[in-house]
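Each chain gets a letter, A, B and so on, in the order its sequence line appears, and its residues count up from 1.
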Amino acid sequence: MSDNSGRLSRKFFSRDVLDVAPDLLGRVLVRRGRGGKETRDIITEVEAYRGERDLACHASKGRTKRTEIMYEEAGLIYTYLIYGKYWLLNIVTGEKGVPQAVLIRATKKADGPGKVSDMFDINESFYGVDITKPSKIWIERSDIILPNYKQYPRVGVQYAGDWAKKPWRFIMED
DNA sequence: ACAAAGATCCGT
DNA sequence: CGGATCTTTGTA
């Protein structure tokens, strides 16, 4: 599920988003900037967005210029601008052709998706980047494997009706 | 071409 | 609780 460097593989992300999401908790998000400077932090909170039927998922309205990346292979990055300020970091999961993505909502030192984007300097240039290949961003294994976690309803998706009640927000416990 | 809404954050 | 801020999307 990971190569010699510990970088999580395409196989890891190719599972259903409800399996991938909790499995990301405790793992390390790494960003290599210019000059080789690395920013790294443990993932503590994620949310799952699962297919066209999921009314909270952007792909619920079908394939558009923005959502088409979710129909591609697992491991690609889906990022989009929210409220004119933050490029939220998502990773495509599941089988090709079925739109799913997991949103990285928080790390130890960035308690919110917008703060994650600030801390790791995520911007529009990350759209479609393969997080399983050597590049400016990847996720590594850590000593923490499947930590204790709890599930809660997703944030900011009241418009999704019953789908807003699904406990697809996963938070690691200390 | 125009208007509305949004997977957020911060200050009051 | 309201404002900032600007892209995406739906409607005409």
Inset, instruction - Measure the distance from OH on Tyr86(A) to C1' on dT8(B) and round it to the nearest whole Å. - result: 6 Å

Inset, instruction - Determine the interatomic distance between P on dC2(B) and the same-named atom on dT5(C); round to the nearest Å. - result: 22 Å

Legend entry - Rounded interatomic separation in angstrom, taking CG from Asp111(A) and P from dC9(B): 8 Å

Legend entry - Residue whose closest nucleotide on DNA chain B lies nearer the 5' end, Tyr159(A) versus Lys115(A): Tyr159(A)

Inset, instruction - Name the nucleic acid region contacted by Leu88(A), choosing base, sugar-phosphate or nothing; use a 4.0 angstrom heavy-atom cut-off, strictly under. - result: sugar-phosphate

Legend entry - Leading and trailing nucleotides of DNA chain C with any atom under 4.0 Å from heavy atoms of chain A: dA4(C) to dG10(C)

Legend entry - side chain to side chain donor-acceptor pair (under 3.5 Å) assessment of Ser125(A) paired with Lys136(A): CA-CA 11 Å; Ser125(A) 75; Lys136(A) 53 190 176 184; 3.0 Å; yes

Legend entry - His58(A) ring center within less than 6.0 Å of Tyr80(A) ring center: yes

Inset, instruction - Round to a whole Å and report the spacing from CE of Met70(A) to P of dA7(B). - result: 11 Å

Inset, instruction - Classify the nucleic acid contact of Arg66(A) as base, sugar-phosphate or nothing, counting any heavy atom under 4.0 Å across all strands shown. - result: sugar-phosphate

Inset, instruction - Say whether Val20(A) and Leu8(A) are linked into one hydrophobic cluster, either directly or through other cluster members, by side-chain heavy-atom distances under 4.5 angstrom. - result: yes

Inset, instruction - Establish, from distance only, whether the side-chain atoms of Thr93(A) and Gln100(A) form a donor-acceptor pair under 3.5 Å. - result: yes

Legend entry - Residues Glu38(A) and Arg32(A) bridged, charged N to O under 4.0 Å: yes

Inset, instruction - Measure from NZ on Lys61(A) to C1' on dA7(B) and round the result to the nearest Å. - result: 12 Å

Legend entry - Whole-angstrom distance between dG2(C) and dA5(B), as gauged at atom C1': 16 Å

Inset, instruction - For the residue pair Pro153(A) and Lys165(A), establish whether any side-chain heavy-atom pair is separated by less than 4.5 Å. - result: no

Inset, instruction - Have a look at Gly114(A) and say if it touches a base, only the backbone sugar-phosphate, or nothing, with a 4.0 Å heavy-atom cut-off. - result: sugar-phosphate

Legend entry - dT8(B) OP1/OP2 closer than 4.0 Å to side-chain N/O of Arg105(A): yes

Legend entry - Atom pair distance, as rounded to whole Å: NZ in Lys85(A) and C1' in dG11(B): 12 Å

Legend entry - Rounded distance (Å) that lies between atom P of dA7(B) and atom OH of Tyr152(A): 22 Å

Inset, instruction - Please report the C-alpha distance between Tyr152(A) and Glu45(A) in whole Å, then the side-chain angles of each, then the deciding distance to 0.1 Å, and finally whether the side chain to side chain donor-acceptor pair (under 3.5 Å) criterion is met. - result: CA-CA 11 Å; Tyr152(A) 304 85; Glu45(A) 180 180 347; over 6 Å; no

Inset, instruction - Would you kindly give the CD-to-C1' distance between Glu47(A) and dT8(B), to the nearest whole Å? - result: 12 Å

Legend entry - Note, Asp54(A) side chain near Trp168(A) side chain (heavy atom, < 4.5 Å): yes

Inset, instruction - Could you check whether Thr64(A) gets within reach of a base, just the sugar-phosphate, or nothing at all, counting any heavy atom under 4.0 Å? - result: sugar-phosphate

Inset, instruction - Let me know the distance between CD of Gln158(A) and C1' of dA5(B), rounded to the nearest Å. - result: 12 Å

Inset, instruction - Quick one: the dot-bracket string of DNA chain B, using Watson-Crick and G-U wobble pairs with both distances under 3.5 Å, [ ] for crossing pairs and | for bases paired to another strand. - result: ||||||.||||.

Legend entry - Basic-acidic side-chain contact under 4.0 Å: Arg63(A), Glu52(A): no

Legend entry - Sub-4.5 Å side-chain heavy-atom contact between Asp19(A) and Asp23(A): no

